[in-house]
Amino acid sequence: MALVLKLAVAALCGAMLSAFLRPNAPVFGILTALACGLVILYAVMDPIGQVFNALSAFLTAAGISGEIYLPVIKAVGIAMIVHITSQVCRDAGEGAIGSRLELAGTIAAIAACIPLMRQVFALLESMLL
């Protein structure tokens, strides 16, 4: 809870500074927003690692192999990176680049899940035969 409050305050300060700089120096406004976003992402790296470690431990204890859950984690990671980056592109006034990035991210997420799809089809085949 305390981390979220600190990050919210940092985000508000960064947004106000960016809004203040943008009319006179658009480049510095965008760079300020980008720097604030990177600081926020850096601050949550440890909790993200804790979540992935706990999830991995739960799935291993349940007897689920990494071949099943790793593609899903990769797809979620791709989605998060693409979403954040496309929003930065939109903030910079480059909505078309953000949209193309989202399309590329969708394709990359599907490609990351191909091993999982193969396992699902193999399971279905073994059940039907």
Side-chain angles (χ1 to χ4, degrees):
M1 179 73 172
L3 177 63
V4 173
L5 289 175
K6 289 177 186 177
L7 294 179
V9 169
L12 288 173
C13 290
M16 290 190 310
L17 183 60
S18 178
F20 177 75
L21 292 174
R22 193 164 284 158
N24 299 325
V27 171
F28 290 119
I30 292 168
L31 290 175
T32 302
L34 183 62
C36 182
L38 290 174
V39 166
I40 291 170
L41 287 176
Y42 180 74
V44 296
M45 292 304 276
D46 186 47
I48 288 172
Q50 291 174 0
V51 168
F52 283 135
N53 289 338
L55 180 63
S56 178
F58 294 147
L59 293 172
T60 302
I64 300 172
S65 73
E67 295 174 353
I68 293 175
Y69 68 86
L70 283 178
V72 175
I73 290 175
K74 286 179 185 179
V76 169
I78 290 169
M80 290 172 57
I81 291 168
V82 166
H83 178 74
I84 291 167
T85 308
S86 68
Q87 289 301 322
V88 170
C89 291
R90 285 189 178 85
D91 289 345
E94 297 296 333
I97 294 173
S99 296
R100 299 315 177 276
L101 178 64
E102 288 173 347
L103 175 63
T106 301
I107 294 168
I110 291 170
C113 288
I114 288 174
L116 180 59
M117 288 183 225
R118 284 187 182 133
Q119 288 187 347
V120 168
F121 290 137
L123 178 63
L124 288 174
E125 183 181 34
S126 69
M127 290 173 65
L128 293 175
L129 295 177

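Below, each value reflects all heavy atoms present in this structure, side chains not excepted, and no hydrogens, waters or symmetry copies. These figures come from a predicted structure and were not determined experimentally.
The shortest side-chain heavy-atom distance between T60 and Y69 falls under the 4.5 Å cut-off. Looking at L55 and I73, their side chains come closer than 4.5 Å, going by heavy atoms from C-beta outward.
The shortest heavy-atom contact between A11 and C36 is CA-SG, 3.9 Å. Taking every heavy atom of both residues into account, L3 and P47 meet most closely at CD2-CG, 3.9 Å. In this structure, G14 and T32 approach most closely via the heavy-atom pair O-CG2, 4.1 Å. Counting all heavy atoms, side chain and backbone alike, R22 lies closest to G29 at NH2-O, 3.8 Å. Looking at every heavy atom in both residues, D91 comes nearest to I30 through O-CG1, 4.5 Å.
Side-chain heavy atoms closer than 4.5 Å link hydrophobic residues (I, L, V, M, F, W, Y) into clusters, and following such links, even through other members, never connects L34 to L12. With hydrophobic clusters built from ILVMFWY side chains whose heavy atoms lie under 4.5 angstrom apart, V39 does not share a cluster with I81. L21 is not connected to M16 by any chain of hydrophobic side-chain contacts under 4.5 Å among Ile, Leu, Val, Met, Phe, Trp and Tyr, and they are in different clusters. Connection of V76 to V51 is not established within any shared hydrophobic cluster, with ILVMFWY side chains joined at heavy-atom distances below 4.5 Å, either directly or through further cluster members. In the hydrophobic clustering of ILVMFWY residues, with side-chain heavy atoms under 4.5 Å counting as a link, L38 and M45 come out apart.
Of the inter-residue distances, the one linking F28 atom CZ with S18 atom OG reads 12.5 Å to the nearest 0.5 angstrom. To the nearest 0.5 Å, atom CZ of residue R90 and atom OG of residue S99 are 4.5 Å apart. The distance from atom CD1 of I97 to atom OG of S86, rounded to the nearest 0.5 Å, is 11.5 Å. Interatomic distance, NE2 of H83 versus CG of L101, reported as 11.5 Å (0.5 Å rounding). To the nearest 0.5 angstrom, I107 atom CD1 is 11.5 Å from I78 atom CD1. With rounding to the nearest 0.5 Å, the separation of SG in C89 from CD1 in I84 is 12.0 Å.
Atom CZ of F52 has more than 12 heavy atoms from other residues, nucleotides or ligands within 6.0 Å.
A donor-acceptor contact closer than 3.5 angstrom links the side chains of Q50 and D46.
No side-chain donor-acceptor contact under 3.5 Å links T85 to the backbone of V82.
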